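Okay, so here's the structure we're looking at.
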Amino acid sequence: MNATTSTHPTPRKTPLIIVSSKTGNTMLLARGIEDAFPETRLVRADALPADLTPFNPVILGFWCDRGMAPEDIQAAARRLSDKDLGCFATMGGDPAAPKSLEWMEKTSKALAAEGEGNTLWKTFLCRGRIDPALFERMTAMMGGEVTPEREARRKASEAHPDRMDVVAGVEAFAELLGAGREPSAEAV
């Protein structure tokens, strides 16, 4: 299993977005990207078509699940071969923080390597709302006290992904999905 990088995409077919979304954050971003590129097909990771050969490029959308990509996206990635890949993710933390960017790079490369001969082209990381039930469980595990830093992080995440996050996600994948054309303005 390996992933390569290249400067020349393989021949285009129907673009595919495969998404795993627990709270709706990642799906919101996926739908925004799909709307900008109407020829793109969107499927949930647990509802992949049996035959993936008609699809390329493939964009994997996921959320940060205990420091990894969720299992359904990992399973989907194992089924991909010889694809041009993009990855986007949502997380409750600061997407610009070095630790977050390191996680995104490591996780995306690992997903690309799950299949055979895939090439990772682009990644995009976005802040997302934190699941309230998860926040409560984590708070209980941490002794029941919410530090000012955790509360600030939770509050900063409440309004995301927002319109500007979707616009940034569309822009991030414009070259890979649009074959050099601009996304439609009404879609973003």
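Every value quoted in this text rests on a predicted model; they were computed, and no experiment measured them.
Distance alone, capped at 3.5 Å, is enough to place a donor-acceptor pair between the N118 side chain and the A112 backbone. Remark: the backbone N or O of A50 is paired with a side-chain donor or acceptor of R79 at under 3.5 angstrom.
Separation of atoms CH2 (W63) and CD1 (I73) is listed at 11.0 Å; rounding is to 0.5 Å. Residue W121 holds its CH2 atom at 15.5 Å from OG of S108, rounded to the nearest 0.5 Å. Here CG of D65 is found 8.0 Å from OG of S20. Values are rounded to the nearest 0.5 Å. With rounding to the nearest 0.5 angstrom, the NZ atom of K13 is 14.5 Å from the CZ atom of R41.
For the side-chain hydrogen bond (donor to acceptor under 3.5 Å, both in side chains) condition, the pairs that include at least one residue of residues 42-55, sequence neighbours left out, are D51-T53.
Counting heavy atoms from C-beta outward, I59 and I18 have side chains that stay 4.5 Å or more apart.
With sequence neighbours excluded, the residues forming a side-chain contact (heavy atoms from CB on, under 4.5 Å) with T23 are N25, D131, listed by chain and number. With sequence neighbours excluded, the residues forming a side-chain contact (heavy atoms from CB on, under 4.5 Å) with A168 are F124, listed by chain and number. Remark: A77 engages L60, L111, E114 in a side-chain contact (heavy atoms from CB on, under 4.5 Å) (not counting sequence neighbours). D162 meets the salt bridge (Lys or Arg N to Asp or Glu O under 4.0 Å) test with no other residue; sequence neighbours excluded. With sequence neighbours left out, the side-chain contact (heavy atoms from CB on, under 4.5 Å) criterion links T40 to P15, I17, F37, L177.
Contact record, G32 with V166: CA-CG1, 3.7 Å, taken as the closest heavy-atom pair. Residues G67 and W103 come closest through the heavy atom pair O-NE1, 2.9 Å. Heavy atoms only, all atoms of each residue included: L101 and A96 are closest at CD1-O, 3.6 Å. Across every non-hydrogen atom of L52 and K83, the tightest pair is O-NZ, 2.7 Å.
With respect to E102 and K106, no salt bridge is recorded, no charged nitrogen being found less than 4.0 Å from a carboxylate O.
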T26 and F88: side chain to side chain contact (heavy atoms under 4.5 Å, CB included), yes or no, with the steps? CA-CA 8 Å; T26 311; F88 67 90; 3.6 Å; yes

